[in-house]
Amino acid sequence: MSGRHKKSCRLLRNTRLGGSLAAVTAVGATAISLIAAAPAGSSQKVDAVSAGAVATVPHDAASPKKPDTLALADKKAGNVNTEKRQVLPSASDALKLAESQVGVTEDSSGGGTKFQQWFVSSPWAERGVQRDGGKVSDYANANWCDMFVSWIGAKLGVKGMGADAFTRTHAQWFKDQGRWGEDATPGAVVFFSWSGSKSIDDIDHVGMVIKDNHDGTIQTIEGNTDNAVKIRTRDKSSVVGYGYPEYGSSDA
């Protein structure tokens, strides 16, 4: 097992049919006009038909456009109404799901949670092994604070959440995406260093912000804190930074 796979939260955290018909009708009308204008018995009548077709049918009407990406996404999700805009999960949705997990605990081996089981079966585990070494099975009993956060994002389909078991890599991902900052907004992913360091390289733990208490502390929900999912109050002095997923409006 590589160093990053050891039992340490610091190391393993984280319609176009109508338009087409109209175009065809226009082709016929133009061709008929050209034929009528051509001398009787002239081969120009044949040329007139071709010319009318070429002049009237736009390229777009003849060649179907590529399907809309959002429509494909909706279809894949079982949404037959592709005219509806996709509604992004809100921060409230994410926190509601996270808080519903309060009380989930690990077993005596440090594993057995749904978050670890999900991660082991996800593509993220294989990517982690390729990056850090070890085996996919190592994640089954590894620290799961970041697996918990990643599970929330995956369960709801939150965009810009990312997924990892290694908190430092997850934090760096947020920073590379331009989604990193210092504001404790509800639903933000908060990264901690117990030494008080502000360096991503010193991150020990991760959770999600419930609210800023405006007294130097924040209320959070975290996995793998005392081996369970719990709501905590944390001092901002231990915060390295915040990652900001792409949430939708709570009123959506």
Side-chain angles (χ1 to χ4, degrees), residues 4-5 7-14 88-106 110-111 113-125 127-128 131-132 139-140 142-177 179-181 183-194 200 203-212 218-234 238-248:
R4 289 182 174 178
H5 284 201
K7 181 64 175 175
S8 168
C9 201
R10 178 171 182 168
L11 295 178
L12 268 177
R13 323 309 155 207
N14 74 69
L88 298 176
S90 67
S92 296
D93 294 331
L95 291 173
K96 182 178 180 179
L97 176 58
E99 291 174 26
S100 72
Q101 305 303 308
V102 169
V104 172
T105 60
E106 63 185 46
T113 70
K114 67 181 73 176
F115 320 116
Q116 292 159 309
Q117 293 168 1
W118 163 78
F119 195 85
V120 166
S121 65
S122 76
W124 301 104
R127 294 179 191 180
R131 181 188 66 206
D132 304 326
Y139 291 106
N143 264 322
W144 46 276
C145 56
D146 209 354
M147 297 187 209
F148 169 67
V149 171
S150 299
W151 180 87
I152 297 296
K155 192 75 172 177
L156 292 176
V158 178
K159 292 185 177 181
M161 176 73 95
D164 214 311
F166 186 32
T167 52
R168 300 177 192 176
T169 304
H170 201 170
Q172 187 63 51
W173 181 86
F174 274 113
K175 191 170 185 178
D176 292 345
Q177 297 296 312
R179 293 183 171 278
W180 181 258
D183 297 327
T185 58
V189 180
V190 54
F191 295 87
F192 301 99
S193 172
W194 304 138
I200 286 178
I203 289 174
D204 295 299
H205 187 59
V206 67
M208 295 179 69
V209 177
I210 296 177
K211 66 177 181 178
D212 187 339
I218 55 176
Q219 188 178 51
T220 64
I221 183 161
E222 304 164 18
N224 200 30
T225 176
D226 289 343
N227 306 323
V229 178
K230 294 185 177 183
I231 292 176
R232 295 288 201 184
T233 297
R234 300 289 192 185
S238 64
V239 174
V240 177
Y242 303 88
Y244 304 111
E246 183 181 348
Y247 291 122

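Contact annotation: the side chain of R168 never approaches that of F191 to less than 4.5 Å [non-hydrogen atoms, C-beta and beyond]. At least one side-chain heavy atom of Y242 sits less than 4.5 Å from a side-chain heavy atom of V209. Counting heavy atoms from C-beta on, the side chains of T169 and R131 come closer than 4.5 Å. Here the side chains of W118 and K155 are not in contact, with every heavy-atom distance at 4.5 Å or above. Taking 4.5 Å as the limit, every side-chain heavy atom of T220 sits out of range of all side-chain heavy atoms of M208. Residues K114 and Q101 meet the side-chain proximity criterion, which asks for heavy atoms closer than 4.5 Å. When side chains are defined from C-beta on, F192 does not count as touching D204, because their heavy atoms never get closer than 4.5 Å. Proximity of V206 to V189: side-chain heavy atoms (C-beta onward) are separated by under 4.5 Å at one or more points.
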Q. Checking side-chain contact (heavy atoms from CB on, under 4.5 Å) for the pair F148/V229: CA distance, chi angles, key distance, verdict?
A. CA-CA 9 Å; F148 169 67; V229 178; 3.8 Å; yes
Q) How far apart are the C-alpha atoms of V239 and R234, what are their side-chain angles, what is the distance that settles it, and do they pass the side-chain contact (heavy atoms from CB on, under 4.5 Å) test? A) CA-CA 8 Å; V239 174; R234 300 289 192 185; 5.7 Å; no
Q.
For a side chain to side chain donor-acceptor pair (under 3.5 Å) check, start with the C-alpha distance between W144 and N224, then their side-chain angles and the critical distance, and finish with the verdict.
A. CA-CA 6 Å; W144 46 276; N224 200 30; 3.3 Å; yes
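Using a 4.0 Å cut-off between charged side-chain N and carboxylate O, D132 and R127 make no salt bridge.
For the atom pair R179 CZ and E246 CD, the distance stands at 5.0 Å (nearest 0.5 Å). A distance of 9.5 Å separates CG in L88 from OG in S90, rounded to the nearest 0.5 Å. Within the model, atoms CZ of F174 and CD1 of I200 stand 11.0 Å from one another, a figure rounded to the nearest 0.5 Å. The distance from atom CE of M161 to atom OH of Y244, rounded to the nearest 0.5 Å, is 13.5 Å. To the nearest 0.5 Å, atom CD of residue Q219 and atom CD1 of residue I231 are 5.5 Å apart. Atom CD1 of I152 is separated from atom CG of D93 by 11.0 Å, given to the nearest 0.5 angstrom.
The ring pair (Phe, Tyr, Trp, His ring centres under 6.0 Å) test with W151 singles out one residue from W124, F115, F119, and that residue is F115.
Minimum heavy-atom separation, S150 to A163: OG-CA, 3.3 Å. Taking each heavy atom of H205 and E222 in turn, the nearest pair found is NE2-OE1, 2.9 Å. Minimum interatomic distance between L95 and I221 (heavy atoms only, all atoms of both residues): CD2-CG2, 4.4 Å. Looking at every heavy atom in both residues, P245 comes nearest to V158 through CB-CG1, 3.7 Å. Of all non-hydrogen atoms in P186 and I210, the two that sit nearest each other are CB-O, 3.5 Å. Pairing each heavy atom of V190 with each of I218, the nearest pair is CG2-CD1, 4.0 Å.
The side chain to side chain contact (heavy atoms under 4.5 Å, CB included) test applied to T105 returns A228, not counting sequence neighbours.
In terms of modelled atom types and a separation under 3.5 Å, the side chain of Q116 and the main chain of G110 share a donor-acceptor contact.
If you look at F166 and H170, their ring centroids are not closer than 6.0 Å.
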